[in-house]
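Please read the structure below before turning to the comments.
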Number of protein chains: 2
Amino acid sequence: MGTHFRGTAAQVRALDAYIKLQRAAESVGARVCAHLATDALTVGQFGVLEALLHLGPLCQRDLGAKLLRTGGNMTMVGDHLEARGLVARRRDARNRRFVTVALTAAGRRLIARVFPRHAAAIAHELAALRPQEQVALGRLCRRVGRGKPAE
Amino acid sequence: MGTHFRGTAAQVRALDAYIKLQRAAESVGARVCAHLATDALTVGQFGVLEALLHLGPLCQRDLGAKLLRTGGNMTMVGDHLEARGLVARRRDARNRRFVTVALTAAGRRLIARVFPRHAAAIAHELAALRPQEQVALGRLCRRVGRGKPAE
DNA sequence: GGATAATGATTCAAGCTTAAACGATACGAG
DNA sequence: CTCGTATCGTTTAAGCTTGAATCATTATCC
């Protein structure tokens, strides 16, 4: 998986790590999320349900911030989940700009059933690394994701 | 960035590493690719141009395999690049099922100008890790991306 | 208190992405 | 050679995603 790129040693090293990071995230993500089709859930929909399960009701702004998505996206995903009866949306009484999204009973049942499958799939994929290596991967990802300088 | 999830220690560890992997790839990818807007290129379009630059002309099937994208996607991205005069498509004479995609002179000029910027952005982001850590990250990503068992 | 600015949600246009269905082409068994 | 199968590209429908524009609501400043 060399890069076929002629540049400085530092550039080649960074490029190589970057490509592997992107491809790993994409490949593992696709394999992990394959089971979502069983319940006709998209990755975005699953993300919203999971956030609501583990964090409780949230306004769409906070939901978007958590999931790194735009407000317009939250509106659309919320529309679909609401149409399926999995979430309920309600204007906040104190500040009528906010729309609070919460799981319905059906939504809670669904995500409570789907999430363990998801966690199991992740554990299965990450079993390619020893526990200590999983921790190391997490640490490196966190640092590069934050975007802080090296020293 | 804890997971708010109650499961076995192994599951929590895997989930934590998985989330950090996905978020790192997303955050770093977004920052790295921000410069593409300068030339009105999407990530998918850039990927095709870059593959053609470093690998030479390819049929759409191989292009899709390289970029982990479907054939339908290659057709659409190819349409847009062709409309902009950045690539040329030609039926293979020997096997008329294949369509070979190649850079035009304009396409080559563009990607030759854009790619160094991209490599520089990647080097800048990866500078959050020391060289040795970049290599370690690449190795871990490669192993987990491959999906092979641990030992 | 009233004008102005900021914020949250929605809508829209554009493009990406996939899966499935389809047509054209090539290959292989008989 | 011919029929059946496999492969490649295209099309289509559905949904995701973004950025920009817009509307309603709230906060701020004088």
Nucleotide nearest [X] (side chain, heavy atoms from C-beta), chosen from [options]:
{"X": "A/Met76", "options": "D/dG9, D/dT17, D/dG15", "answer": "D/dT17"}
{"X": "A/Arg69", "options": "D/dC16, D/dT18, D/dC8", "answer": "D/dT18"}
{"X": "A/Arg96", "options": "D/dT25, D/dG9, D/dC16", "answer": "D/dT25"}
{"X": "B/Arg97", "options": "D/dC8, D/dT25, D/dG19", "answer": "D/dC8"}
{"X": "B/Thr75", "options": "D/dG15, D/dT10, D/dT17", "answer": "D/dT10"}

Nearest whole angstrom, please: distance from the [atom2] of [N] to the [atom1] of [X].
{"X": "A/Leu41", "N": "D/dC16", "atom1": "CG", "atom2": "C1'", "answer": "14 Å"}
{"X": "A/Asn73", "N": "D/dA14", "atom1": "CG", "atom2": "P", "answer": "19 Å"}
{"X": "A/Asp79", "N": "D/dC16", "atom1": "CG", "atom2": "P", "answer": "10 Å"}
{"X": "A/Leu81", "N": "D/dG15", "atom1": "CG", "atom2": "C1'", "answer": "12 Å"}
{"X": "B/Leu36", "N": "D/dG19", "atom1": "CG", "atom2": "C1'", "answer": "16 Å"}
{"X": "B/Arg91", "N": "D/dT7", "atom1": "CZ", "atom2": "P", "answer": "17 Å"}
{"X": "B/Arg90", "N": "D/dG9", "atom1": "CZ", "atom2": "P", "answer": "13 Å"}
{"X": "A/Arg94", "N": "D/dA27", "atom1": "CZ", "atom2": "P", "answer": "12 Å"}

Could you check if a side-chain atom of [X] sits within less than 4.5 angstrom of a side-chain atom of [Y], using non-hydrogen atoms only?
{"X": "A/Cys141", "Y": "B/Ile19", "answer": "no"}
{"X": "B/Val87", "Y": "B/Leu49", "answer": "yes"}
{"X": "A/Arg117", "Y": "A/Asp39", "answer": "yes"}

Scan [X] against the nucleic acid and name what it touches under 4.0 Å (heavy atoms): base, sugar-phosphate only, or nothing.
{"X": "B/Thr70", "result": "base"}
{"X": "B/Leu68", "result": "sugar-phosphate"}
{"X": "B/Asn95", "result": "sugar-phosphate"}

N-O pairing of [X] and [Y] below 4.0 Å:
{"X": "A/Arg84", "Y": "A/Asp79", "result": "no"}
{"X": "A/Asp16", "Y": "B/Arg139", "result": "no"}
{"X": "A/Glu26", "Y": "A/Arg23", "result": "no"}

task = Considering only heavy atoms of chain A and a distance under 4.0 Å, specify the first and last nucleotide of DNA chain C in 5' to 3' order that meet this criterion.
result =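 The protein-touched segment is C/dA6 to C/dT11.
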
message = Are there over 12 heavy-atom neighbours, none belonging to A/Arg89, within less than 6.0 Å of that residue's CZ?
response =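 Yes.
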
ask   = 5'-most contact on DNA chain C: B/Val43 or A/Cys59, nearest heavy atom basis?
value =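 The answer here is A/Cys59.
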
